[in-house]
Enquirer: 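First, the structure itself, so that you have it in front of you.
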Amino acid sequence: MIIVLKPGTTTKAAGELAEQLKETYGVQIHTSQGTQSTLLGLIGDTHKVDAEAISAYDIVESVKRVQEPYKKANRKFHPENTVIEVCGRKIGDGSLQLIAGPCSVESRDQIGGIARRVQAAGAGFLRGGAFKPRTSPYAFQGLRAEGLELLLEAKAETGMPIVTEIMSADHIDLFRDVDIIQVGARNMQNFELLKELGKLDKPILLKRGLANTIEETLMSAEYIMSGGNEKVILCERGIRTFETYTRNTLDISAVPVFKKLSHLPVVVDPSHAAGIPWLIEPLSLAAAAAGADGLIIEVHNDPPHALSDGAQCLTPDQFDKIAARILAAKKALDSLD
């Protein structure tokens, strides 16, 4: 349920009403202060809430019931876009952030060299896997804690915030200096992990699962947000369909749908969606045109010898050209507004 307060309602009056509603109905209150009006979102069992009685308050403009099961992630509760700031860089403010780096951190020279190259090409964030979920138990699983240290060294050198994937709630302490914690597609419905991440004051990049719906993705975001952490970034990385030409099928329509249903930023991962380097550029351009807030792209200095996912990585030279085209396209799109 959403209560829209009249323009000019004071913060004190809104707070007093929120407290009264909590005591009377036993619900949680999410307050959203917009430019024109204030919204009170009632979260919990609202079927006993008397909408007519609430409408009688002088400061109440309207009362609306919300059918979607996700509340905190719902744009109806929070009409304005959420903007997440990390080390002075913003995601969700209308810009297009490039997040680039290797699938796996392999060595100091490797991650440092790639960081310098992608930064020079326009990337604002460095991605790299320290803990790697692999289909085969015999495949390279990442350098783990050592990989995190190497990422932090690259950050210290370049100033680029780092994005890396967490596999278990047991590892949270190791991620205390990570700027954005990524939840991979396989862990999107690891609800115990999501609950623990909800206790942090740190951005979480939540990837859509291989075969999950948009609503299921938003419900996973809800798990994090219900714990108190509202710094969630949604990521469309392709879903599994009957098509076998590409690694996955990029659901480009998910970008505007997520934007319509939720206030959270949305980034797109064309590397995992396609699994084919030459497709990364057209998919990235399509994502930018669809309104994505960022792109997460895999870049490796020597793809044929990469320890994981080398077949879908761009070389630094390829990333230079593609990044320039993507950023130019974004500038052109912005000029149309």
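Residues: numbered from 1 along the sequence shown. Being a predicted model, the structure only gives us computed values, none of them experimental.
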Enquirer: Restricting to side chain to side chain donor-acceptor pair (under 3.5 Å), what partner residues turn up for K202, sequence neighbours left out?
Expert: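 K202 satisfies side chain to side chain donor-acceptor pair (under 3.5 Å) with no residue once adjacent residues are dropped.
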Enquirer: Who are the side chain to side chain donor-acceptor pair (under 3.5 Å) partners of T82, not counting sequence neighbours?
Expert: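 Residues passing side chain to side chain donor-acceptor pair (under 3.5 Å) with T82: H263.
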Enquirer: Considering only NZ, NE, NH1 and NH2 on the basic side and carboxylate oxygens on the acidic side, decide whether K207 and E165 come within less than 4.0 Å.
Expert: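 Salt bridge: no.
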Enquirer: Does a side-chain heavy-atom distance below 4.5 Å link K6 with I59?
Expert: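 Not in contact.
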Enquirer: Tell me, please, which residues at least two apart from H171 pass ring pair (Phe, Tyr, Trp, His ring centres under 6.0 Å).
Expert: F131
Enquirer: Only counting residues at least two apart or in another chain, list the ones meeting salt bridge (charged side-chain N to carboxylate O under 4.0 Å, His left out) with K64.
Expert: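 Salt bridge (charged side-chain N to carboxylate O under 4.0 Å, His left out) check on K64 returns nothing, list empty.
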Enquirer: Output a table of donor-acceptor pairs, distance under 3.5 Å, between side-chain atoms of residues 142-150 and any protein atom two or more places apart or on a different chain; print 'none' if there are none.
Expert:
none

Enquirer: Closer than 4.0 angstrom, basic N to acidic O: yes or no for D309 and R247?
Expert: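 Yes, charged N to carboxylate O under 4.0 Å.
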Enquirer: Does a sphere of radius 6.0 Å around CD in E52 hold more than 12 heavy atoms from other residues, nucleotides or ligands, not counting ones at 6.0 Å or beyond?
Expert: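 For E52, atom CD is not crowded (no more than 12 foreign heavy atoms under 6.0 Å).
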Enquirer: When hydrophobic residues are tied together by side-chain contacts of less than 4.5 Å, even through go-betweens, does I239 share a cluster with L205?
Expert: no
Enquirer: Taking only residues two or more places apart in sequence or in another chain, which ones pass side chain to side chain donor-acceptor pair (under 3.5 Å) with K330?
Expert: D334
Enquirer: Identify, with sequence neighbours excluded, every residue that meets side chain to side chain contact (heavy atoms under 4.5 Å, CB included) alongside E85.
Expert: K90
Enquirer: Give me each pair satisfying side chain to side chain donor-acceptor pair (under 3.5 Å) with a member in residues 113-127, each pair once, sequence neighbours excluded.
Expert: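 Pairs touching residues 113-127 that pass the test: R116-E157, R117-D317, R117-D320.
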Enquirer: Quick one: list whatever passes side chain to side chain donor-acceptor pair (under 3.5 Å) with D93, sequence neighbours left out.
Expert: S95
Enquirer: What residues, two or more places apart in sequence or in another chain, satisfy ring pair (Phe, Tyr, Trp, His ring centres under 6.0 Å) together with Y223?
Expert: F191
Enquirer: Enumerate the salt bridge (Lys or Arg N to Asp or Glu O under 4.0 Å) contacts for residues 11-34, please, sequence neighbours excluded, ordered by first and then second residue.
Expert: E19-K22
Enquirer: For K259, what residues pass the salt bridge (charged side-chain N to carboxylate O under 4.0 Å, His left out) criterion, not counting sequence neighbours?
Expert: D293
